[in-house]
Amino acid sequence: EVYCHDEQMIYIFTNLLFWRHDAENADFLINVFSNNINMLIDLYFKVYKIEQYFDYKGLYFNKILNIAEEKLLDKYIRFRMDNNGYYSNDNEPIRHIWNSDFYEDVLDKFLIRISSITVMYKRQYLLEGIFSEEEYIHKQDKWMKEYIEKNNRDVDRMVEIFNIISEFKESRRLKFIQIFLNHNSDFSIFDKLSLTSSSMSWSGSEVPLIEDRINFYKKVEEFLKDIKYLRHRIKIENKINGLKKYKESIKEREFLDNYI
C-alpha cells in the first residue's frame with residue numbers, strides 16, 4: 001500500500017534504504033529485491049527525483065545495472081526525458097558507468113536506445129552526462145577512439161559525438177579531430193563537425209580568447225597538409241582569417257570602451 005499510494009512515506013522509506021553509501025548495503029538491497037528488481041528501480045528513481053546527490057558515486061546505479069541493465073537504462077532515459085534540464089549532468093549517476101566491467105556493452109545499448117529520440121539536443125543532453133566525469137578520462141578516450149574508427153562514415157553519429165568532443169579541453173579535441181581525419185577525408189562530413197565549443201565566456205578582454213581559438217585552428221591546419229584535405233584547409237584558413245578580423249574589431253571596440 002505504501003509503495004503504491006503514499007509518496008511522502010515512499011521517500012522516507014526509500015531514503016532509509018539507500019542512506020548507507022557502501023557496497024555491502026547495495027549488495028544487501030539487490031538480494032532483498034532479487035525477485036522484484038522493477039520495484040527497486042522504481043524506488044531508486046523516486047529518491048533520485050527528490051535528492052539528486054544520494055547516489056553521487058553511482059554505486060547503487062552500477063549494482064542494479066549489473067543485473068538489470070536494459071530495464072535500468074530504459075527507466076533512466078525516460079526519467080531524464082521527463083525531467084529534461086532539471087538535473088545537472090555533474091551529478092548524474094550514469095557518469096560512473098565507466099566503473100562497470102561491461103561499460104562498452106552498456107554504452108552500445110544506451111546509444112541504440114537514444115537513437116530513437118528524434119531531437120538531437122535531447123540526445124546530446126543524455127550523452128553529456130556520460131562524459132562529464134574526468135576521473136574516467138582514459139576509458140572515455142579509448143571508447144571514443146574506437147567509436148570514431150568504427151563510425152567515421154556515419155554523418156549523424158559523427159556530428160553527435162563531436163558535439164560532445166567540442167566541449168573537451170583543446171588537447172583532447174585535437175586528438176579526436178586527428179583520429180577522424182586519419183580515417184576519413186570526406187569534407188562533406190568534416191564540414192558538419194563542431195570543433196570548438198558553441199559558447200564562450202571571459203573576464204576582461206575578449207582578445208586572449210580569440211587568440212586561443214586562432215592558435216587552435218592553426219594546430220588543426222597541421223593535420224591538413226595532404227592534398228586530399230585541400231577543402232578542409234581552406235575552411236580552417238577562412239576560420240582563422242575571420243577570427244583575425246574579429247580580433248581587430250574587438251581591440252578597437254575595447255579601446256573605445258576604456259578610453260572614451
Side-chain angles (χ1 to χ4, degrees), residues 18 26 29-30 33-34 36-49 52 54-133 135-137 139-168 176 180 189 192-194:
F18 294 108
L29 287 181
I30 293 295
F33 288 92
S34 61
N36 199 343
I37 291 299
N38 287 338
M39 179 183 289
L40 181 60
I41 292 172
D42 286 346
L43 292 171
Y44 178 94
F45 283 101
K46 286 183 184 297
V47 175
Y48 185 73
K49 187 173 184 178
Q52 186 184 359
F54 91 98
D55 194 19
Y56 62 95
K57 279 294 186 181
L59 174 64
Y60 290 102
F61 191 91
N62 278 338
K63 287 288 186 178
I64 300 172
L65 194 66
N66 287 338
I67 62 168
E69 185 179 278
E70 297 188 6
K71 290 178 181 178
L72 183 62
L73 289 178
D74 288 340
K75 181 75 174 183
Y76 173 79
I77 292 169
R78 288 197 304 272
F79 178 84
R80 290 283 279 175
M81 290 295 93
D82 290 344
N83 297 278
N84 191 13
Y86 184 75
Y87 295 91
S88 167
N89 278 325
D90 292 339
N91 304 302
E92 279 303 297
I94 202 167
R95 75 193 195 279
H96 295 290
I97 63 167
W98 306 98
N99 278 330
S100 168
D101 294 333
F102 314 103
Y103 70 85
E104 294 101 332
D105 180 61
V106 173
L107 277 165
D108 287 345
K109 290 178 179 176
F110 185 79
L111 288 168
I112 290 170
R113 279 163 167 73
I114 68 171
S115 65
S116 62
I117 300 172
T118 56
V119 182
M120 181 175 285
Y121 83 85
K122 290 187 176 182
R123 294 199 305 272
Q124 184 177 345
Y125 171 71
L126 286 165
L127 277 171
E128 285 172 351
I130 295 176
F131 295 96
S132 63
E133 184 58 63
E135 179 182 348
Y136 311 111
I137 192 170
K139 288 183 178 180
Q140 292 173 9
D141 285 4
K142 176 180 179 292
W143 179 87
M144 198 164 281
K145 176 180 181 292
E146 293 171 355
Y147 186 80
I148 293 172
E149 290 172 344
K150 181 180 178 181
N151 298 288
N152 64 81
R153 299 285 172 183
D154 189 314
V155 179
D156 292 337
R157 290 187 177 187
M158 289 299 96
V159 168
E160 193 163 72
I161 205 66
F162 270 90
N163 284 342
I164 305 297
I165 291 170
S166 67
E167 302 297 328
F168 289 169
F176 292 119
F180 172 81
I189 298 181
K192 294 180 173 66
L193 304 183
S194 297

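Computed over heavy atoms, backbone and side chain alike; hydrogens, waters and symmetry mates excluded. Just so you know, these numbers come straight off a predicted model, no measurement behind them.
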Hey, are E149 and K145 close enough for a salt bridge, meaning a charged N less than 4.0 Å from a carboxylate O?
yes
Distance-only polar pair, side chains of Y44 and D55, donor-acceptor under 3.5 Å
yes
In sequence, state the C-alpha distance, the side-chain angles, and the governing distance for L40 and I30, and then conclude on side-chain contact (heavy atoms from CB on, under 4.5 Å).
CA-CA 8 Å; L40 181 60; I30 293 295; 3.9 Å; yes
Might you work through the side-chain contact (heavy atoms from CB on, under 4.5 Å) test for F102 and L65, ending with a clear yes or no?
CA-CA 10 Å; F102 314 103; L65 194 66; over 6 Å; no
Do S100 and N62 have a side chain donor and acceptor closer than 3.5 Å?
no
Whether the side chain of R123 engages the backbone of I117 through a donor-acceptor N/O pair (distance < 3.5 Å, no angle test) should be reported.
yes
For S132 and G129, the nearest pair of non-hydrogen atoms, with its separation, is OG-O, 3.0 Å
Looking at every heavy atom in both I97 and F61, which two are closest together, and how far apart are they?
CG2-CE2, 4.0 Å
Would you say K150 has more than 12 foreign heavy atoms packed within less than 6.0 Å of its NZ?
no
Would you please classify the geometry between the Y76 ring and the F110 ring as parallel, tilted or perpendicular, with 30° and 60° separating the classes?
tilted
If you define the side chain from C-beta out and look only at heavy atoms, does anything of F131 sit under 4.5 Å from I165?
no
Hey, what's the ring geometry for F176 with F168, parallel, tilted or perpendicular (30° and 60° as the breaks)?
tilted
Rounded to the nearest 0.5 Å, how far does CD1 of I77 lie from CG of L72?
9.5 Å
Can you tell me how far CD1 of I164 sits from CD of E167, rounded to the nearest 0.5 angstrom?
8.0 Å
Any ion pair linking R78 and D74 (charged N to carboxylate O, less than 4.0 Å)?
no
How far apart are the closest heavy atoms of N99 and K139, and which atoms are they?
CA-NZ, 4.4 Å
R95 to Y136, cation-pi by 6.0 Å centre distance and 45° axis angle:
no
Classify the ring geometry of F180 against F162: parallel below 30°, tilted from 30° to 60°, perpendicular beyond 60°.
perpendicular
Parallel, tilted or perpendicular, as decided by the 30° and 60° cut-offs, for the rings of F45 and Y48
perpendicular
